[in-house]
Amino acid sequence: MAENWVRCRRCYEVFDAEEGPCPKCGAPYRPPATHLQPIDGLYTERYAEKVEQVEAADGVEIPGVKILDAPRPRRRAGPALFVGLGAVLIVGALVVAIVMELGGSATPTNAPVYVHGAETVQPRQPTLPPILSLALGQVANYQLDAHVTMQATIQLDTQYKWKTQSLTTAFDGHISDGNQSGTIQTAGIAQEIRMVGGLFYVRNLPSGKWSLLPNLPSYLLVCPVLGVSSTQDLMGLGPTMRAGQMMNHLQSTSSWAPDISRITMTDLSSLPIKPTAMLLDLWVDDNGIPLSATVQATNIGPGGAKLLDIEVTYTFSDVGVPTTMVAPISPSPAPSPSATPGS
């Protein structure tokens with residue numbers, strides 16, 4: 001009867017279960033609980049709520065005994081749940097931030113508030129408009145007082161016929177209160193010119209006599225200088241060091257369209273070709289007073305060769321200092337009106 005041998009749960013003595021309690025410690029033998037048999041079928045059918053008829057020990061059925069559902073296992077939070085929870089928290093934070101920005105929660109009767117991002121318009125060059133205006137007030141002023149020097153060089157390609165292929169003009173003089181006086185040299189001929197009260201006088205140097213020109217040669221007019229008529233003609237390039245002095249560098253725009261004869265103080269009306277590109281560089285101080293300027297005018301051929309090349313330099317000094325100018329000769333009196341016949 002080896003199958004009846006068991007082990008005592010208290011002293012672990014082995015004995016025969018049919019002979020009674022443990023012979024060593026006297027503990028009664030208790031058979032182990034019967035193992036539950038697994039229920040066949042689906043998991044949902046196993047724990048579905050139902051009412052069964054339970055049979056008593058004597059075979060009598062007891063109706064209405066309810067077998068309770070087994071407790072459902074706790075559902076573990078997966079990654080998708082944490083992602084969704086994070087999204088909800090972010091949206092909630094944004095809503096709270098907007099409400100706080102608008103000064104509190106809006107009531108149903110309040111009009112909706114739309115938040116628009118303000119566009120910050122950054123001026124292109126905040127400090128340049130005053131410089132442009134000040135410079136324009138000087139160079140475009142017919143009453144400018146200054147000592148002005150100018151030198152122009154005109155180079156024409158040999159494939160074009162003109163009075164000369166290379167020409168240089170130089171001027172050194174003063175402008176003041178709408179008048180001007182100085183010396184000009186073109187193609188080796190030196191003259192002294194003077195304009196007083198709208199009348200133009202000229203004489204050959206060194207000892208020629210003064211004569212009054214019947215027509216005013218517009219290309220010999222110095223003032224206003226550089227052909228600048230609007231702030232749209234100039235743009236600022238910022239401060240720069242030039243000739244050991246800090247200056248404001250201004251440059252012409254596409255709106256600048258000067259008379260090239262006025263710029264060079266040379267009659268270029270007979271040129272066989274005209275400049276196709278012109279550039280003015282002007283340097284002024286912080287008050288817009290002109291200090292120097294350069295002009296480049298070119299005509300570039302299909303092969304890249306310069307068919308026409310004009311270079312001009314200006315210098316300004318004693319700006320704002322007036323100069324007294326007097327007519328060198330008295331103009332001839334105008335002829336008296338002819339007498340009316342029969343008077």
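What you see below is based on every heavy atom in this structure, not just the backbone, and it leaves out hydrogens, waters and symmetry mates.
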- Query: Going by an N to O cut-off under 4.0 Å, is there a salt bridge joining Lys306 and Asp309?
  - Reply: yes
- Query: Is there a donor in the side chain of Thr266 and an acceptor in the side chain of Thr169, or the other way round, less than 3.5 Å apart?
  - Reply: yes
- Item | Any Val225 side-chain heavy atom under 4.5 Å of Pro290 side chain | no
- Does Thr240 reach the main-chain N or O of Met247 with its side chain, forming a donor-acceptor pair under 3.5 Å? no
- Task: Treat each ILVMFWY residue as a node, draw an edge where side-chain heavy atoms are under 4.5 Å apart, and state whether Leu132 and Leu291 are in one component.
- Result: no
- Once you round to the nearest 0.5 Å, how far does CZ of Arg262 lie from OG of Ser218? 7.0 Å
- Message: I need the Arg10 CZ to Lys24 NZ distance, nearest 0.5 Å.
- Response: 12.5 Å
- Answer yes or no: is there a donor N or O on one side and an acceptor on the other, between the side chain of Asp285 and the main chain of Gly288, under 3.5 Å? yes
- Query: In the single-linkage hydrophobic clustering (I, L, V, M, F, W, Y; side-chain heavy atoms under 4.5 Å), do Leu308 and Leu268 co-cluster?
  - Reply: yes
- Does Trp256 have any ring-ring contact (aromatic ring centres under 6.0 Å, His included) partners at least two apart in sequence or in another chain, and if so, which? none
- Between Asp281 and His249, the two heavy atoms sitting closest are OD1-NE2, 2.8 Å
- Message: I'd like to check Leu280 versus Leu226 (side-chain heavy atoms, cut-off strictly below 4.5 Å). Are they in contact?
- Response: yes
- Query: How long is the span from the OG1 atom in Thr294 to the CD atom in Gln251, to the nearest 0.5 Å?
  - Reply: 8.5 Å
- Task: Could you check if a side-chain atom of Leu216 sits within less than 4.5 angstrom of a side-chain atom of Leu221, using non-hydrogen atoms only?
- Result: yes
- Query: Where do Ile310 and Val312 land on the side chain to side chain contact (heavy atoms under 4.5 Å, CB included) test, with the steps shown first?
  - Reply: CA-CA 7 Å; Ile310 300 175; Val312 189; 4.0 Å; yes
- Message: If I take atom CZ from residue Phe316 and atom CD1 from residue Ile289, how far apart are they, to the nearest 0.5 angstrom?
- Response: 12.0 Å
- Query: Taking all non-hydrogen atoms of both residues, which atom of Leu167 and which atom of Ala187 are closest, and how far apart?
  - Reply: CD1-CB, 3.6 Å
- Message: Working to the nearest 0.5 angstrom, can you tell me the gap between Ile131 CD1 and Asn287 CG?
- Response: 7.5 Å
- Shortest non-hydrogen contact from Pro275 to Ile260? CG-CG1, 4.4 Å
- Got a sec: does the CG of Leu89 have more than 12 other heavy atoms crowding it under 6.0 Å? yes
- Would you please test Asp157 and Gln159 for side-chain hydrogen bond (donor to acceptor under 3.5 Å, both in side chains) and show each step? CA-CA 6 Å; Asp157 191 87; Gln159 64 178 296; 3.2 Å; yes
- Going through the distances and angles, do Val326 and Val196 end up as a side chain to side chain contact (heavy atoms under 4.5 Å, CB included)? CA-CA 7 Å; Val326 180; Val196 180; over 6 Å; no
- Check whether any side-chain heavy atom of Leu220 lies under 4.5 Å from a side-chain heavy atom of Pro217, and answer yes or no. yes
- Contact summary for Pro258 and Met278, nearest pair of heavy atoms: CD-CE, 3.6 Å
- Item | Separation of Thr264 OG1 from Gln151 CD (nearest 0.5 Å) | 12.5 Å
- Smallest heavy-atom separation, Pro28 atom then Pro21 atom, equals CA-CB, 4.0 Å
- Query: Of all heavy-atom pairs between Ser292 and Leu282, which one has the smallest distance, and what is that distance?
  - Reply: O-CD1, 3.4 Å
- Message: Would the distance check show the side chain of Gln191 and the main-chain N or O of Val202 forming a donor-acceptor pair, the cut-off being under 3.5 Å?
- Response: no
- Looking only at atom types and distance, does a side-chain atom of Tyr314 sit under 3.5 Å from a main-chain N or O of Ile263, one as donor and one as acceptor? yes
- Task: Determine whether Leu205 and Trp210 fall in the same hydrophobic cluster, where Ile, Leu, Val, Met, Phe, Trp and Tyr are linked whenever their side-chain heavy atoms lie under 4.5 Å apart.
- Result: no
- Do the side chain of Ser230 and the main chain of Gln232 share a donor and acceptor less than 3.5 angstrom apart? yes
- Query: With sequence neighbours left out, which residue pairs that include part of residues 148-201 fulfil the ring pair (Phe, Tyr, Trp, His ring centres under 6.0 Å) condition?
  - Reply: His147-His174
- Query: Is a side-chain N or O of Asn141 found less than 3.5 angstrom from the main chain of Pro224, in a donor-acceptor match?
  - Reply: no
- Task: Could you walk me through whether Leu156 and Ile273 pass side chain to side chain contact (heavy atoms under 4.5 Å, CB included), step by step?
- Result: CA-CA 9 Å; Leu156 183 64; Ile273 58 175; 4.0 Å; yes
- Check whether any side-chain heavy atom of Ile300 lies under 4.5 Å from a side-chain heavy atom of Thr276, and answer yes or no. no
- Query: Hey, does Leu134 have a side-chain heavy atom less than 4.5 Å from the side chain of Val284?
  - Reply: no
- Item | Any donor-acceptor pair under 3.5 Å from Ser176 side chain to Pro322 backbone | no
- Go through the steps to decide whether Asp145 and Val319 satisfy the test side chain to side chain contact (heavy atoms under 4.5 Å, CB included), and finish with yes or no. CA-CA 6 Å; Asp145 301 322; Val319 178; over 6 Å; no
- Check whether any side-chain heavy atom of Ser133 sits under 4.5 Å from a side-chain heavy atom of Thr231, and report yes or no. yes
- Under a 4.5 Å side-chain heavy-atom rule over Ile, Leu, Val, Met, Phe, Trp and Tyr, are Trp283 and Val148 clustered together? no
- Query: Any side-chain donor paired with an acceptor under 3.5 Å for Ser166 and Gln155?
  - Reply: yes
- Message: Is there a side-chain contact between Thr253 and Leu234 in this structure, where contact means two heavy atoms from C-beta onward sitting under 4.5 Å apart?
- Response: no
